[in-house]
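Since the structure comes first, as structure tokens, the remarks are kept for the end.
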Amino acid sequence: MPPLTGQRYPECSVPTRLPEESRVRDTLNAVIAEALQAAIADGRLPLPEAPAVAVERPRDPSHGDWATNIALVSAKAAGMPPRQVAEIVAAELRERLAEVADAVEIAGPGFINIRLRRGVLADVVSRVRAEGDAHGAGERTGSRVQVEFVSANPVGPMHVGHGRWAALGDSIARILEHAGDDVQREFYVNDAGVQMDIFAASVSARYLELTGREVEFPEDGYRGAYITEIAREILADEGESWADATADAREAHFKEKAYAQVLAHLQHVLHGMGVDFDVWFSERTLHASGDRGAPSAIERGIERLREAGHVFEHEGAVWFRSTAFGDDKDRVLKKADGSYTYFAADVAYHADKYDRGFDLVIDIWGADHHGYVKRMESAVAALGHPGKLEVIIGQLVNLFRNGEVVRMSKRTGEMVTFEDLLDEVGADAARYFFLRRSTDQPLDFDIGLAKQRSADNPVYYVQYAHARICSILRKASGADTADESVDVAAVASRIAADEAALALLGSEPGTLAGEAELGLLRKLAEFPEIVAVAARQRAPHKLTTYAEDLASAFHQFYTHCQVVVDDPQLRSARLALADASRLVLARALGLLGVSAPQRM
RNA sequence: GCGCCCGUAGCUCAGUUGGAUAGAGCGGGAGACUUCUAAUCUCUAGGUCGGGGGUUCGAAUCCCUCCGGGCGUGCCA
């Protein structure tokens, strides 16, 4: 078992800076701002000040590579029709962008569309290939972020929802790391509290049954078959002697045995899907008193709230005045019977997180906990860290098989566990499907579809694009396309495509081949921005959507363009384009925690 | 009752800061393998963005209201 403590994590200190947006976007914004300034300065545009500029990528590729609505935005203030404003700005832009743009056009109600030179578009190929792992990455922000997720009670197997949150938390962590933050993954183990007692009593009852004794199963006990399995293992290991011990001694012993087993199991399943936590934080450590009777972390947490003036006593209980921070009602920390609430432990836990120096804490909770968000935010604010907690609510998963809902019953313990699902569909498909929908949307998971190795299955669609590229590279090396001993990366590194060669890409616009090349170039260029948006919005599903778009652009390219052709220049250019696609596909899949196979 | 999330094509869902003719996959219809993997591609049909008001040059997106669905609303964990 790994260490179960609130262990410290190595200090990280890197200069603070926000992730950089795409270079082209920044440049265009700057140039447009200059153009506006110039037109305002010489009186052609009667504006008091230049409006904020924001270029965007038009949805419709026929509108060019970039567009700005600046004329529409400023028409009113300038007292001119939008198209007239657009004329003035566009004239300026044509001069300033002569080097990089083929055309600056006015369209629709007054949009200015900018069409980049092919050479500028093809630039992305060299950039992707030169930057390697750094491509699409933000500069190090120095921001220390903790993502806490799954945190399933260690009293049974994970359900399918836990699997989704595991995929989500891990992918968000990967994306934030790529965007430049220092990220720590943490699992909070609720190993204190009554559910552990019930758990122990359940195992104890099954153990006694196995020794042939008549026992009444606890009414609120856990009835899953795994309880019996655990009891059986204890029986095999330690024999029947525990049947004669006192119930207290037996349950105390069984609790630790069973807990260790379940925890190891959770770690095993999570590891199996590629999710590894940096810290497993035990709730018990918060309850434990310090040396020579020093107060526990929970007691210290309450003390801190009290010092901040937000604690009061009422009807024998100790309360946190969360209403002072916008909560609906105040919350109990210490019950009238002297025990602490789960919330009190969570206050101590979060205090500990900030003591560890995190600049931002992201908690991923199941939808059934969303009523808890406000009080936790209140507590964090009261502890002096307002705004440094972000709670992401993960919606549930509905399992379907052949269009039918898979029914589960918690009472009888009859359920499809996350491990069952992993065994059936595999880690790649499970992760991909979990991440495909936005977080705040409940997910319908069709087991049949996830297992299907066909065109209907988006995860294979994306992986297949990657495998196809690897196959092309094997062919280009002169080897058999099925020869798995070929080092694809090494082949790729030998491909050299100079500017003249890359300029051939998309040189025949209007043809199927030319459009396919241009489409792929444009899609590749979007990647850094997609990563930045996915990071900012904590939205891995932006990357599944992107990966499918990129795979589609590649498949079209593949269909319409022979890559390994005789003409050495065209061949190297297309190989380089395919290689850049390979790298970006692998990176996108990597951020999702999904493998990028070289053969399928 | 109150709070949060959601409602977009037959189905499952994207839609960035309010932008142009609202997109994709599946499913329906019609096609393409002598090629570097057809796990692919091409064409086609399909919409009152839940309803109604408002804000504005412009609304799926922002505001109000109504309808429908999910979850929450413990001195449980």
Side-chain angles (χ1 to χ4, degrees), chain A residues 52 54 56-60 62-63 67 69 72-73 75-76 81-82 107-111 113 153 155 190 192-196 198 283 314-319 328-329 331-337 339-343 345-346 366-374 393 395-396 400 403 436-444 446 449 452-461 463-465 467-476 481-482 512 516 529-530 532-534 536-537 539 541-542 544-546 548-549 551-552 554-556 558-565 574-575 578 599-600:
Chain A
E56 58 184 20
R57 287 178 189 280
R59 253 181 246 165
D60 184 343
S62 75
H63 292 148
N69 62 356
L72 292 161
V73 174
K76 196 170 194 178
F111 290 97
N113 294 336
N153 285 344
V155 297
N190 296 127
V194 298
Q195 83 279 0
M196 293 297 288
I198 296 170
E283 183 189 347
H314 178 66
E315 293 181 350
V318 177
W319 297 68
D328 296 337
K329 49 175 293 194
R331 307 293 174 174
V332 172
L333 294 162
K334 188 176 188 178
K335 305 180 217 171
D337 69 5
S339 64
Y340 295 103
T341 60
Y342 179 86
F343 176 57
D346 240 348
D368 51 342
H369 285 69
H370 88 245
Y372 203 78
V373 175
K374 194 76 207 177
I393 294 301
Q395 294 293 324
L396 302 167
F400 285 78
R436 215 168 159 240
R437 296 298 170 230
S438 62
T439 308
D440 47 16
Q441 197 90 250
L443 177 76
D444 288 337
D446 191 310
L449 177 59
Q452 213 168 310
R453 302 192 170 247
S454 80
D456 299 352
N457 192 334
V459 63
Y460 293 118
Y461 181 86
Q463 290 180 320
Y464 183 53
R468 264 186 154 174
I469 297 170
C470 294
S471 185
I472 293 172
L473 292 174
R474 286 191 290 267
K475 164 146 179 160
T481 57
L512 285 173
E529 241 181 299
I530 298 287
V533 171
R536 192 167 60 235
Q537 301 184 357
H541 81 275
K542 301 272 181 194
T544 60
T545 304
Y546 174 77
E548 286 167 46
D549 287 350
S552 172
F554 176 76
H555 285 310
Q556 286 173 48
Y558 180 91
T559 302
H560 299 300
C561 301
Q562 180 77 18
V563 175
V564 184
V565 290
R574 284 184 173 167
L575 276 171
R599 253 180 80 72
M600 286 174 74

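Values in this document were obtained by computation on a predicted structure and should not be read as measured data. Proteins get letters first, then strands, A, B, ... in listed order; numbering begins at 1 in each.
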Separation of [N] [atom2] from [X] [atom1] (nearest whole Å):
X	N	atom1	atom2	value
Gln562(A)	rU35(B)	CD	P	11 Å
Lys374(A)	rG3(B)	NZ	C1'	10 Å
Gln556(A)	rA38(B)	CD	P	15 Å

- 5′-ward residue of the pair Thr559(A)/Thr439(A) relative to RNA chain B: Thr439(A)

Given the [atom1] atoms of [N] and [M], what is the spacing between them in whole Å?
N	M	atom1	result
rU40(B)	rG3(B)	P	47 Å
rG29(B)	rG19(B)	C1'	34 Å
rU35(B)	rU48(B)	P	45 Å
rU42(B)	rA24(B)	P	11 Å
rA20(B)	rC11(B)	C1'	29 Å
rC49(B)	rG23(B)	C1'	12 Å
rG25(B)	rU8(B)	C1'	15 Å
rA45(B)	rU17(B)	C1'	35 Å

- Message: Applying side chain to side chain donor-acceptor pair (under 3.5 Å), can you list everything that pairs with Thr559(A), at least two apart in sequence or on another chain?
- Response: none

- Item | Nucleotide-resolved protein contact map, nucleotides 70-77 of chain B, B/S/- at heavy-atom distance under 4.0 Å | -BS-SBSB

- Note on the structure: Scoring nucleotides 15-23 of chain B by protein non-hydrogen atoms under 4.0 Å (B base, S sugar-phosphate only, - none) yields SBB-BB---

- Item | Phosphate OP1/OP2 of rC41(B) contacted by Tyr461(A) side-chain N/O (<4.0 Å) | yes

- Item | Phosphate-side-chain proximity, Arg436(A) and rG25(B), N/O vs OP1/OP2 below 4.0 Å |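 No, outside the criterion.
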
- Query: Does rC33(B) sit syn or anti, given that only angles within 90° of 0 count as syn?
  - Reply: syn

Base, sugar-phosphate, or nothing for [X], non-hydrogen atoms under 4.0 angstrom?
X	result
Ala467(A)	base
Arg474(A)	nothing
Cys470(A)	nothing
Glu548(A)	nothing

- Task: Identify, with sequence neighbours excluded, every residue that meets side-chain contact (heavy atoms from CB on, under 4.5 Å) alongside Thr341(A).
- Result: Val332(A), Lys335(A), Phe343(A), Ala344(A)

- Query: What residues, two or more places apart in sequence or in another chain, satisfy side-chain contact (heavy atoms from CB on, under 4.5 Å) together with Tyr558(A)?
  - Reply: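 Checked Tyr558(A) against side-chain contact (heavy atoms from CB on, under 4.5 Å); matches are Arg468(A), Ile472(A), Phe554(A).
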
- What dot-bracket string describes RNA chain B from 5' to 3', counting Watson-Crick and G-U wobble pairs whose defining distances are under 3.5 Å, with [ ] for crossing pairs and | for pairs to another strand? (((((((..((((.....[...)))).(((((.......))))).....(((((..]....))))))))))))....

- Message: Can you tell me which nucleotide in rC36(B), rC6(B), rA39(B) comes closest to the side chain of Tyr558(A)?
- Response: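 Given the options rC36(B), rC6(B), rA39(B), the side chain of Tyr558(A) is closest to rC36(B).
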
- Nucleotide nearest Ile472(A) when distance is taken to its side chain, options rC41(B), rA38(B), rC36(B):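 So the side chain of Ile472(A) is nearest to rC36(B).
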
